[in-house]
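Notes follow the structure.
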Amino acid sequence: MERNNIVGRKRILIVDDSPEAIAVLGNALPKHYKLQFALNGEKALNLLALSDELPDLILLDVMMPKMDGYEVCDRLKTDEKLNNIPVIFLSALADVGDKIKAFQNGGVDYIQKPFEIAEVNARVKTHLRLHDLQMALEKHNEHLNQLVEEKVKEISESQMATIFALAKLAEFRDDETGEHINRTQLLCRLIAEKLSIHFKYKYRISTEFIENLEKASPLHDIGKVGIKDAILLKPGKLTPAEFEEIKQHTTLGANKLREVFQNYPNNKFIEIGIEVAQSHHEKWDGGGYPEGLIGEKIPLSARIMALADVYDALRSKRVYKNAYSHEKACEIIIEERGKHFDPLIVDVFLKFEQEFKKAYTTTE
């Protein structure tokens, strides 16, 4: 049911168990209003339920049999289609408590019987005007919100493109195709989606978490921009000193992202970016770096990233190794269950390993 537009003919519903009161109001209100009538609350609600065009205002008697005006108004305010219609109460009750109850039940005004026609007309006109202004304001705010959302989306997409480009720059230095971040994005999302089915994570992994993890996963190795090529691209085994230097890419990347996070402290995407950059080389048994975290002290995002990162690294050709098959990669991951990787994440990976194999090959 659509509301009348602001310049259209205004509709007023009069609800009163007295035909005489309805007749008086009907004759007194200006002819440019389109009037509807109901002799009790139940008939009024049925009329509204069946009407294609809702009234712009309701004049509602308080003292009616079976269902009084307070209950009718309460029913209106709990109905999503009807709760914006302004209600003016009409009543012979003069007690302040009755008037307060009228406003508490959602009325916008209270006119005491016997009423003055001029007063009724003035208040009806005023509340119709206020309602028009309220509708116009809500429409304006809705438009503004839409513009803001579009602009935020535009800025977010621009920022994501910039971040993705930086992450690509880091990856191109030790990945001859530069597709590592594309594949790990897909793998992280797939792991998180499959993990969310498990009862342990059913209420912990939300759609928002999955989307933020997918967007943030390219940041996991962004700290590599600070590592010298001589070490990053070395074809042979690293010396202990060189390995210590390459390990610094985790804290380098995380610290840069923390600087960004200071300006956007409620940004979950950046928060997860920090987690994956800092902790994706941590190991379940505590043998990883940079902090030697153990078990679930490692952020969930980083535990997911760890398996996705290693699986892709095993499947990919590098200057220091040939590519492994999916089957060989699975063997290695199984060996590292409970050592390098979260056992539950490995179990989920193995349960859906053919989907992971397909996901990898589609991004080659």
Side-chain angles (χ1 to χ4, degrees), residues 160 163-164 167 171 175 177 179-222 250 267-288 293-316 323-364:
M160 281 303 301
I163 291 169
F164 197 79
E171 289 300 334
D175 176 6
T177 67
E179 290 299 314
H180 174 64
I181 59 175
N182 298 48
R183 292 191 297 262
T184 51
Q185 266 192 308
L186 185 59
L187 294 171
C188 279
R189 181 179 187 92
L190 189 54
I191 293 171
E193 287 175 342
K194 299 305 183 183
L195 198 60
S196 69
I197 301 171
H198 194 279
F199 71 90
K200 180 177 180 179
Y201 290 107
K202 186 176 181 180
Y203 300 106
R204 291 174 60 186
I205 296 180
S206 64
T207 300
E208 181 186 16
F209 173 86
I210 294 171
E211 290 176 354
N212 282 327
L213 175 59
E214 180 182 23
K215 291 177 181 178
S217 62
L219 304 176
H220 69 285
D221 274 342
I222 201 166
T250 55
N267 191 307
K268 293 295 182 183
F269 155 66
I270 299 175
E271 186 175 347
I272 290 178
I274 294 169
E275 290 176 353
V276 297
Q278 176 83 19
S279 303
H280 69 284
H281 283 294
E282 298 288 358
K283 295 184 178 181
W284 184 258
D285 64 3
L293 299 178
I294 298 175
E296 293 192 357
K297 289 186 177 180
I298 305 167
L300 176 61
S301 58
R303 303 200 308 269
I304 293 172
M305 185 73 240
L307 194 143
D309 189 39
V310 170
Y311 175 78
D312 185 75
L314 291 170
R315 297 294 313 277
S316 303
Y324 291 155
S325 67
H326 169 76
E327 291 69 25
K328 179 61 177 177
C330 287
E331 287 179 18
I332 294 172
I333 288 171
I334 291 170
E335 289 175 5
E336 291 297 318
R337 182 184 183 276
K339 300 174 186 177
H340 190 149
F341 306 116
D342 180 337
L344 180 56
I345 293 177
V346 172
D347 293 344
V348 167
F349 171 81
L350 294 174
K351 183 177 180 180
F352 300 98
E353 50 101 6
Q354 287 302 315
E355 290 187 45
F356 285 94
K357 180 180 180 180
K358 183 179 179 181
Y360 180 87
T361 55
T362 57
T363 54
E364 284 185 303

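Because only heavy atoms are used, hydrogens play no part in the values below, and waters and symmetry mates are left out as well, while side chains stay in.
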Quick one, [X] and [Y] - any side-chain contact, counting heavy atoms below 4.5 Å?
{"X": "Arg183", "Y": "Ser316", "answer": "yes"}
{"X": "Ile197", "Y": "Val348", "answer": "no"}
{"X": "Ile272", "Y": "Lys215", "answer": "no"}
{"X": "Glu353", "Y": "His326", "answer": "yes"}

Atom pair [atom1]/[atom2] of [X] and [Y] - distance to nearest 0.5 Å:
{"X": "Arg303", "Y": "Leu293", "atom1": "CZ", "atom2": "CG", "value": "10.5 Å"}
{"X": "Asp309", "Y": "Leu314", "atom1": "CG", "atom2": "CG", "value": "9.5 Å"}
{"X": "Leu300", "Y": "Glu296", "atom1": "CG", "atom2": "CD", "value": "8.5 Å"}
{"X": "Tyr201", "Y": "Leu344", "atom1": "OH", "atom2": "CG", "value": "6.0 Å"}
{"X": "Leu187", "Y": "Tyr360", "atom1": "CG", "atom2": "OH", "value": "9.0 Å"}
{"X": "Thr184", "Y": "Met305", "atom1": "OG1", "atom2": "CE", "value": "4.0 Å"}

Ring centroid separation Phe341 to Phe349 under 6.0 Å: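 No: the rings miss the under 6.0 Å criterion.
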Would you call Arg189 and Glu193 a salt bridge, taking side-chain N to carboxylate O under 4.0 Å as the test?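 Yes, charged N to carboxylate O under 4.0 Å.
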Is it true that Lys358 and Glu355 make a salt bridge, defined as a side-chain N closer than 4.0 Å to a carboxylate O?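 No, this pair does not count.
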How close do [X] and [Y] get, heavy atom to heavy atom, and via which atoms?
{"X": "Leu213", "Y": "Ala192", "value": "CD2-CB, 4.1 Å"}
{"X": "Ala359", "Y": "Leu190", "value": "CB-CD2, 4.1 Å"}
{"X": "Glu282", "Y": "Gly288", "value": "OE1-C, 3.7 Å"}
{"X": "His180", "Y": "His220", "value": "NE2-NE2, 3.2 Å"}
{"X": "Trp284", "Y": "Gly338", "value": "CD1-O, 3.4 Å"}

Give a yes or no on whether [X] atom [atom1] has more than 12 heavy-atom contacts from other residues, nucleotides or ligands under 6.0 Å away.
{"X": "Phe209", "atom1": "CZ", "result": "yes"}
{"X": "Lys268", "atom1": "NZ", "result": "no"}
{"X": "Lys202", "atom1": "NZ", "result": "no"}

Trace of the side chain to side chain contact (heavy atoms under 4.5 Å, CB included) decision for Asp221 with His280: CA-CA 9 Å; Asp221 274 342; His280 69 284; 2.9 Å; yes
Pair Phe356-Ile191, side chain to side chain contact (heavy atoms under 4.5 Å, CB included): steps then yes or no: CA-CA 9 Å; Phe356 285 94; Ile191 293 171; 3.2 Å; yes
Do side-chain atoms of Gln185 reach the backbone of Glu214 as a donor and acceptor pair under 3.5 angstrom?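 Looks like yes, one N/O pair under 3.5 Å.
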Treating His198 as the side-chain partner and Leu195 as the backbone partner, does any N or O pair qualify as donor plus acceptor under 3.5 Å?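 No.
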Please identify which of these residues, Ile304, Ile210, Leu307, meets the side chain to side chain contact (heavy atoms under 4.5 Å, CB included) condition with Cys188.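 Exactly one option meets the side chain to side chain contact (heavy atoms under 4.5 Å, CB included) with Cys188, and it is Ile304.
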